[in-house]
Peer 1: 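Structure in structure tokens, see below.
Both counts, for ligands and for their atoms, begin at 1 and track the order of listing.
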Amino acid sequence: MSYSEVKFEEDAVFLVTGGAGFIGSNLVEALLKKGHKVRCLDNLSTGKQENVDLFIDNPNYTFIKGDITDLDTCMKACEGVTYVLNQAAWGSVPRSIEMPLYYEEVNIRGTLNMMEAARQNHVKKFVYASSSSVYGDHPVLPKKEGQEGNLLSPYALTKRVCEEYGKLYYKLYGLDTYGLRYFNVFGRRQDPNGAYAAVIPKFIKQLLDGETPTINGDGKQSRDFTYIENVIEANLKACKASHEAAGQAYNVAAGGREFLIDMYYRLTEALGKDVEPIFGPDRPGDIKHSNADISKAKELLGYHPEYDFERGIKEAIDWYKENL
Ligand SMILES: NC(=O)c1ccc[n+]([C@@H]2O[C@H](COP(=O)([O-])OP(=O)(O)OC[C@H]3O[C@@H](n4cnc5c(N)ncnc54)[C@H](O)[C@@H]3O)[C@@H](O)[C@H]2O)c1
């Protein structure tokens, strides 16, 4: 079943934290299209005012400029809320290695505040963004829930701690929490700018601007690049999942595997640019290969991703061509 067919109560209220960011703004958009009331809580630290302006005229949309590190803000934002989709966090493995204390405060304390506020406000489902980085250095492919290795960055640690809180809030307080381990998400509105930009939008922008992209490492690393539509599907289906499926984390990916160098040439071909990349040093904290087993999400959440890499990258390139 496609996520457009997923049905919620007519009076359901969704709170999307980080709703001014890449993934959050796409969740907001999908929910508004379905006719639901959506509240967005974001401090606009990495999110964008333009991702708020897109929806501000919709009477079903409310924007709260606030910080998830403040419990009072989280409590007020959760009043009358049915479903929380907690996306607010700081991303980027290398940045977390540079500023671990900040990651602890935002990603761990912020998420804990949101879980607590959700619990006290009797929220029905608490779905939160985790990450494939929790697999750390575990060598086995595909990555499967329950087979995690040593962590490689403060960012990965924050996501694992949030998963542990997710388990505890389910066991101790009966809050239905679902952790979604996103694998390299890409798609419309992902920020192509800045030192910590994700590789796909960064390369597309550089190629469109006539610059030469740098690949960290030899390009033979592989990733399970996941189109944003699949992530929307997983979030909405997690909101409908059973109580028994809560208190756990799930891989959210396309279930495929692309080598970075192949992805690079796919971009140059699609954009009509005959540019050879520069090869730079490996990035600390990065893993060589990543590819997900998505059978658990299929079975327990009813997640059946409709976009493989091929289909997603075509849409993403078209969007960037029109919008950059
Ligand atoms: N993009 C990916 O490939 C990917 C992969 C794995 C996990 N994730 C996770 O998905 C979530 C969303 O990521 P994204 O790619 O959309 O990033 P993003 O930076 O575009 O969005 C994050 C949003 O959170 C907001 N935010 C940050 N700190 C906040 C705070 N203290 N209070 C309120 N709002 C705050 C930011 O302003 C931003 O709008 C994050 O939790 C991230 O860790 C993303």
Peer 1: Counting neighbours of NZ on Lys321 that are heavy atoms of other residues, nucleotides or ligands and sit closer than 6.0 Å, is the number greater than 12?
Peer 2: yes

Peer 1: Without hydrogens or angle criteria, can the side chains of Arg95 and Tyr103 be said to hold a donor-acceptor pair below 3.5 Å?
Peer 2: yes

Peer 1: Under 4.0 angstrom from ligand 1, any heavy atom of Ala20?
Peer 2: yes

Peer 1: Among all protein non-hydrogen atoms, which one is nearest to atom 13 (O) of ligand 1, and what is the separation to 0.1 Å?
Peer 2: Ile23 CD1, 4.0 Å

Peer 1: Of Leu180, Val185, Val231, which has the heavy atom at the shortest distance from atom 3 (O) of ligand 1?
Peer 2: Val185

Peer 1: Without hydrogens or angle criteria, can the side chains of Gln248 and Tyr170 be said to hold a donor-acceptor pair below 3.5 Å?
Peer 2: no

Peer 1: Considering heavy atoms of the protein only, find what lies nearest to atom 26 (N) of ligand 1 and give residue, atom and distance to 0.1 Å.
Peer 2: Asn43 OD1, 3.4 Å

Peer 1: Looking at Asp70 and Arg109, is any side-chain nitrogen of the basic one under 4.0 Å from a carboxylate oxygen of the acidic one?
Peer 2: no

Peer 1: Show the atoms of ligand 1 that are less than 4.0 angstrom away from any heavy atom in Trp90.
Peer 2: 27 (C), 28 (N)

Peer 1: For Ala129, take its heavy atoms, then give the atoms of ligand 1 lying under 4.0 Å from any of them.
Peer 2: 9 (C), 10 (O), 11 (C), 41 (O)

Peer 1: Short list, please: which atoms of ligand 1 are under 4.0 Å from a heavy atom of Val106?
Peer 2: 28 (N), 31 (N)

Peer 1: Taking only heavy atoms of Gly18, which atoms of ligand 1 are found under 4.0 Å from at least one of them?
Peer 2: 23 (C), 24 (O), 25 (C), 39 (O)

Peer 1: Using a strict cut-off of less than 4.0 Å between a Lys/Arg side-chain nitrogen and an Asp/Glu carboxylate oxygen, indicate whether Lys143 and Glu148 qualify as a salt bridge.
Peer 2: no

Peer 1: Is it the case that atom OH in Tyr264 sees more than 12 heavy atoms from other parts of the structure closer than 6.0 Å?
Peer 2: yes

Peer 1: Going by heavy atoms, is Ser45 under 4.0 Å from ligand 1?
Peer 2: yes

Peer 1: How close does the nearest protein non-hydrogen atom get to atom 40 (C) of ligand 1, and which residue and atom is it?
Peer 2: Gln87 O, 3.1 Å

Peer 1: Could you tell me whether the side chains of Asn235 and Tyr128 share a donor-acceptor contact shorter than 3.5 Å?
Peer 2: no

Peer 1: Considering only non-hydrogen protein atoms, determine which one is nearest to atom 5 (C) of ligand 1 and report residue, atom name and distance to 0.1 Å.
Peer 2: Tyr182 CB, 3.8 Å

Peer 1: Going by distance alone, is a donor N or O of one side chain under 3.5 Å from an acceptor N or O of the other, for Thr17 and Asn86?
Peer 2: yes

Peer 1: Does the residue Ser25 have a heavy-atom contact with ligand 1, meaning some pair of atoms that are separated by less than 4.0 Å?
Peer 2: no

Peer 1: Quick one, Tyr155 and Ser131 - any side-chain contact, counting heavy atoms below 4.5 Å?
Peer 2: yes

Peer 1: Side chains of Leu32 and Phe55, heavy atoms from C-beta outward: is any pair under 4.5 Å?
Peer 2: yes

Peer 1: May I ask you to check whether Phe14 and Phe8 place their ring centres under 6.0 Å from each other?
Peer 2: yes

Peer 1: Do Arg189 and Ser25 get their side chains close enough for a donor-acceptor pair, meaning under 3.5 Å?
Peer 2: yes

Peer 1: At what distance is the nearest protein heavy atom to atom 17 (O) of ligand 1, and which residue and atom is it?
Peer 2: Phe22 N, 4.7 Å

Peer 1: Taking atom types as modelled, is there a side-chain donor on His289 or Arg257 under 3.5 Å from an acceptor on the other?
Peer 2: yes

Peer 1: Heavy-atom distances under 4.0 Å decide this one: backbone, side chain, both or neither, for Arg181 against ligand 1?
Peer 2: neither

Peer 1: For atom 22 (C) of ligand 1, what is the closest protein heavy atom, and at what distance to 0.1 Å?
Peer 2: Ala89 O, 3.7 Å

Peer 1: Show me which atoms of ligand 1 lie under 4.0 Å from any heavy atom of Ile68.
Peer 2: 30 (C), 31 (N), 32 (N), 33 (C)

Peer 1: Which ligand 1 atoms, with their elements, are less than 4.0 angstrom from a heavy-atom of Gly21?
Peer 2: 20 (O), 21 (O), 38 (C), 39 (O)

Peer 1: Would one find an N or O of Ser131, backbone or side chain, under 3.5 Å from an N or O of ligand 1?
Peer 2: no

Peer 1: So, 4.0 Å and heavy atoms of Ser130: is ligand 1 close enough to count as a contact?
Peer 2: yes

Peer 1: Side chain or backbone, does Gly91 bring an N or O within less than 3.5 Å of an N or O on ligand 1?
Peer 2: no

Peer 1: Is Asn184 touching ligand 1 with its side chain, its backbone, both, or neither, if touching means heavy atoms under 4.0 Å apart?
Peer 2: backbone

Peer 1: So for Lys48, does at least one of its heavy atoms come nearer than 4.0 angstrom to any atom of ligand 1?
Peer 2: no

Peer 1: Heavy-atom contacts with Gly47 under 4.0 Å: which atoms of ligand 1 show up? List them by number with element.
Peer 2: 36 (C), 37 (O), 38 (C), 39 (O)

Peer 1: For ligand 1, is any non-hydrogen atom under 4.0 Å from Leu44's backbone (N, CA, C, O), its side chain (CB onward), both, or neither?
Peer 2: backbone

Peer 1: Regarding Tyr182 and Gln87, do their side chains bring together a donor and an acceptor under 3.5 Å, going by distance alone?
Peer 2: yes

Peer 1: Show which atoms of ligand 1 fall inside a sub-4.0 Å distance from at least one heavy-atom site of Gly66.
Peer 2: 32 (N), 33 (C)

Peer 1: Looking only at distances, can you tell me whether any N or O atom of Lys159, backbone or side chain, sits closer than 3.5 Å to an N or O atom of ligand 1?
Peer 2: yes

Peer 1: Classify the side-chain pair Tyr227/Glu315 by whether it contains a donor and acceptor separated by less than 3.5 Å.
Peer 2: yes

Peer 1: Just to confirm my output: which protein heavy-atom neighbour is closest to atom 31 (N) of ligand 1, and how far is it?
Peer 2: Asp67 OD1, 2.8 Å

Peer 1: For atom 37 (O) of ligand 1, what's the nearest protein heavy-atom neighbour? Residue, atom name and distance, please.
Peer 2: Asp42 OD1, 2.6 Å

Peer 1: Would Thr17 count as a contact of ligand 1 if the rule is a heavy atom under 4.0 Å away?
Peer 2: no

Peer 1: Looking at Gln120, I want to see if its CD is surrounded by more than 12 non-hydrogen atoms of other residues, nucleotides or ligands under 6.0 Å.
Peer 2: yes

Peer 1: Working note: Tyr61 + Glu29, criterion side chain to side chain donor-acceptor pair (under 3.5 Å); need CA distance, chi angles, decisive distance, verdict.
Peer 2: CA-CA 10 Å; Tyr61 178 75; Glu29 186 176 38; over 6 Å; no

Peer 1: If you measure from each heavy atom of Tyr155 to ligand 1, is any distance below 4.0 Å?
Peer 2: yes

